[in-house]
Amino acid sequence: MSETPNTQATPGTPAELSTPAAVTLAEPGTPSADTLVESVEAQVEELSAESLRIASQLAEGYRVSPLDMVPNPSPLLVESTEEVAVPTPQGLFGLRAWRFADGAEHISARALDRDGTPVPAEDGGALAVRIHSECATGDIFGSFRCDCGPQLENGLRIIGRTGGYLIYVRNHEGRGIGLVNKLRAYALQDAGLDTLDANLALGLDGDMRDYSQAALILQELGVNELRLVTNNPAKQEALESLGLQVTELIPDEIPARVENAHYLQTKRERMRHVLKSA
Ligand SMILES: Nc1nc2c(ncn2[C@@H]2O[C@H](COP(=O)(O)OP(=O)(O)OP(=O)(O)O)[C@@H](O)[C@H]2O)c(=O)[nH]1
Ligand SMILES: [Zn+2]
């Protein structure tokens with residue numbers, strides 16, 4: 001059985017507490033209330049200066065990491081698997097799956113030698129990394145409307161030679177607008193709009209991809225410095241704003257074909273992609 005606490009004040013206590021202080025302040029020769037306040041203020045100032053000094057010292061040694069830069073804490077990493085070796089037409093890759101709190105699941109693929117050891121970084125430099133944005137129509141069906149399918153294959157081949165990772169980002173479909181919106185955007189392109197205006201006509205941005213989950217995966221893999229396999233300088237900017245260091249851009253250009261010539265031309269002229277043949 002619990003005891004009921006005694007909530008009644010002990011008689012006489014308030015007077016005992018207040019009297020000595022009041023008497024001391026009133027005595028001649030002791031510091032006035034104003035002097036006391038000034039001295040306390042001086043001490044507080046000294047303390048704040050000291051904490052500022054300690055804080056700035058800490059900040060000097062502090063390296064910004066992708067984790068610190070994540071704008072929205074909800075898509076945090078929940079779990080990832082061990083690496084499993086998967087033979088592909090482009091060589092052997094060690095695949096891991098990564099699951100985030102918002103339900104997104106991505107894949108990392110590390111280039112492996114035939115005996116299963118990681119391909120070392122070429123010339124002892126940084127590892128090559130391709131952040132490949134999901135494109136179900138191109139990557140699965142081999143659609144000629146875009147260049148994603150051959151870019152994925154070529155990207156894997158480059159990484160197989162150079163050493164490094166391909167991160168397959170599955171919530172980047174349609175430059176981040178999702179599959180349903182992308183197919184609506186295709187219908188608008190069939191009616192005459194280009195790939196950028198079609199997104200805008202749907203009330204969406206031209207590119208809505210968020211790279212924070214890809215950056216977190218790279219951080220978990222211990223990759224802070226990389227050679228980025230892309231034609232899109234916006235990807236470099238996005239990764240650098242998340243604390244990663246891009247030492248070089250490796251192009252992943254696929255020759256245009258009649259079905260995607262206009263699409264690639266738009267990417268070059270309106271979306272800053274570095275493409276020679278478009
Ligand atoms: N909204 C929209 N998305 C598209 C269209 N065509 C391809 N995509 C998506 O575009 C994304 C790939 O972006 P790209 O512009 O091809 O290339 P990138 O990833 O920015 O740059 P690279 O690294 O050079 O491949 C994938 O998520 C595709 O699903 C389109 O017409 N409209
Ligand atoms: Zn595509």
Side-chain angles (χ1 to χ4, degrees), residues 104-107 109 128-159 162 164-215 218 226-242 244 246 248-257 259-278:
E105 292 184 317
H106 308 306
I107 302 167
V129 169
R130 171 156 178 79
I131 310 285
H132 190 89
S133 298
E134 179 172 84
C135 175
T137 47
D139 300 339
I140 301 173
F141 289 92
S143 160
F144 293 145
R145 291 185 79 123
C146 61
D147 54 347
C148 301
Q151 271 195 311
L152 175 59
E153 289 169 12
N154 193 44
L156 286 170
R157 273 195 294 271
I158 293 171
I159 286 158
T162 319
Y165 292 92
L166 183 135
I167 312 293
Y168 191 85
V169 186
R170 295 185 56 227
N171 61 1
H172 271 187
E173 176 61 67
R175 296 197 297 271
I177 66 173
L179 191 53
V180 166
N181 284 325
K182 184 172 92 169
L183 294 195
R184 288 188 180 133
Y186 273 173
L188 291 173
Q189 288 171 60
D190 291 343
L193 297 187
D194 70 22
T195 184
L196 178 56
D197 285 336
N199 269 33
L200 301 178
L202 289 170
L204 302 162
D205 287 345
D207 192 339
M208 302 185 74
R209 284 174 286 186
D210 180 316
Y211 290 87
S212 52
Q213 293 180 343
L218 288 170
L226 53 114
R227 295 165 166 167
L228 188 62
V229 182
T230 186
N231 308 318
N232 183 359
K235 275 188 178 172
Q236 174 182 6
E237 290 156 15
L239 292 181
E240 286 181 341
S241 77
L242 289 161
L244 292 156
V246 178
E248 188 188 334
L249 289 181
I250 302 177
D252 187 5
E253 181 161 0
I254 308 298
R257 47 185 306 141
E259 296 92 340
N260 64 21
H262 182 242
Y263 166 74
L264 293 177
Q265 192 189 353
T266 306
K267 288 213 295 188
R268 193 187 67 186
E269 289 174 1
R270 299 193 66 197
M271 303 180 87
R272 299 195 294 137
H273 284 240
V274 181
L275 293 168
K276 288 191 215 97
S277 75

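Numbering of residues begins at 1 and proceeds along the displayed sequence. Atom set for the values below is all heavy atoms of this structure, side chains included, hydrogens, waters and symmetry mates excluded. Just so you know, ligand 1 is whichever comes first in the structure, and atom 1 is the first atom listed for that ligand.
A salt bridge between Lys267 and Asp207 is absent, with no side-chain N of the basic residue lying under 4.0 Å from a carboxylate O of the acidic one.
The two residues Val129 and Ile159 come nearest to each other via the heavy atoms C-CD1, 4.3 Å.
Per-residue contacts place Ser133 under 4.0 angstrom from the following atoms of ligand 1 (heavy atoms of the residue considered): 26 (C), 27 (O). Distances below 4.0 Å separate heavy atoms of Lys267 from the following atoms of ligand 1: 14 (P), 15 (O), 16 (O), 17 (O). For ligand 1 and Tyr186, the ligand atoms under 4.0 Å from any heavy atom of the residue are 6 (N), 30 (C), 31 (O). Residue His172 has at least one heavy-atom neighbour below 4.0 Å for each of these atoms of ligand 1: 27 (O). Listed by number with element, the atoms of ligand 1 under 4.0 Å from a non-hydrogen atom of Thr230 are 21 (O), 22 (P), 23 (O), 24 (O). Atom numbering of ligand 1 starts at 1 in the shown order; those under 4.0 Å from a heavy atom of His273 are 15 (O), 17 (O), 18 (P), 20 (O), 21 (O). Contact atoms of ligand 1 toward Glu173: 27 (O), 29 (O) (distance under 4.0 Å to a heavy atom of the residue). Here is the list of ligand 1 atoms found below 4.0 Å of a heavy atom in Gln151: 22 (P), 24 (O), 25 (O).
Judged by distance alone, with hydrogens and angles left aside, the side-chain atoms of Lys235 form a donor-acceptor pair with the main-chain N or O of Ile131 at under 3.5 Å. Between the Asp252 side chain and the Thr230 main chain, no donor and acceptor come within less than 3.5 Å of each other. Remark: side-chain polar atoms of Asn260 are not paired, donor with acceptor, to backbone N or O of Ala256 under 3.5 angstrom. Side chain of Asp194 to backbone of Asp197: a donor-acceptor contact under 3.5 angstrom is found. Proximity of a side-chain donor or acceptor of Glu173 to a complementary backbone N or O of Ala136 within less than 3.5 Å is detected.
At a heavy-atom distance under 4.0 Å, only side-chain atoms of Ile177, from C-beta outward, approach ligand 1. Looking at Glu134 against ligand 1, only its backbone comes within 4.0 Å, counting heavy atoms. Of all the heavy atoms of Lys182, the ones lying under 4.0 Å from any atom of ligand 1 belong exclusively to the side chain. By the criterion of a heavy-atom distance under 4.0 Å, the side chain of Lys235, and not its backbone, is placed next to ligand 1.
In this structure, of Thr195, Asp147, Asn171, the residue bringing a heavy atom nearest to atom 31 (O) of ligand 1 is Thr195.
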Tell me, with the steps shown, if Met208 and Asn199 meet side-chain contact (heavy atoms from CB on, under 4.5 Å).
CA-CA 10 Å; Met208 302 185 74; Asn199 269 33; 5.6 Å; no
Pair Ser212-Asp210, side chain to side chain donor-acceptor pair (under 3.5 Å): steps then yes or no:
CA-CA 6 Å; Ser212 52; Asp210 180 316; 2.5 Å; yes
Quick one, Tyr211 with Val169, criterion side-chain contact (heavy atoms from CB on, under 4.5 Å). Give me CA distance, side-chain angles, the key distance, then yes/no.
CA-CA 9 Å; Tyr211 290 87; Val169 186; over 6 Å; no
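Draw a line from the Zn ion (ligand 2) to SG of Cys135 and another to SG of Cys148, and the angle between them is 110° (to 10°).
Within the structure, ligand 1 lacks Glu253 among the residues with a heavy atom less than 4.0 angstrom away. Using 4.0 Å as the threshold, Met271 has no heavy atom nearer than that to any atom of ligand 1. At a 4.0 Å cut-off, at least one heavy atom of Gln189 sits close enough to ligand 1 to count as contact. Proximity of Arg130 to ligand 1 is established by a heavy-atom distance of less than 4.0 Å.
Side chain to side chain, Thr162 and Arg227 fail the donor-acceptor criterion of an N or O pair below 3.5 Å.
With hydrogens left out, the protein atom closest to atom 6 (N) of ligand 1 is Tyr263 OH, 3.2 Å, a heavy atom. The protein heavy-atom contact nearest to atom 13 (O) of ligand 1 is Arg209 NH1, 3.5 Å. Scanning all protein heavy atoms for the shortest distance to atom 11 (C) of ligand 1 gives Arg175 CG, 3.8 Å. In terms of protein heavy-atom proximity, atom 1 (N) of ligand 1 is nearest to Asn199 OD1, 2.9 Å. The protein atom (non-hydrogen) at minimum distance from atom 24 (O) of ligand 1 is Asn231 N, 2.8 Å.
Counting heavy atoms from C-beta on, the side chains of Arg145 and Thr137 never come closer than 4.5 Å.
For the side-chain hydrogen bond (donor to acceptor under 3.5 Å, both in side chains) with His106, the qualifying choice from Gln213, His172, His132, Glu134 is Gln213, the only one to do so. Each of Arg270, Arg175, Gln265 was checked for a side-chain hydrogen bond (donor to acceptor under 3.5 Å, both in side chains) with Thr195, and the lone residue meeting it is Arg175.
Annotation: Ile131 places no N or O atom under 3.5 Å from an N or O atom of ligand 1; distance criterion only.
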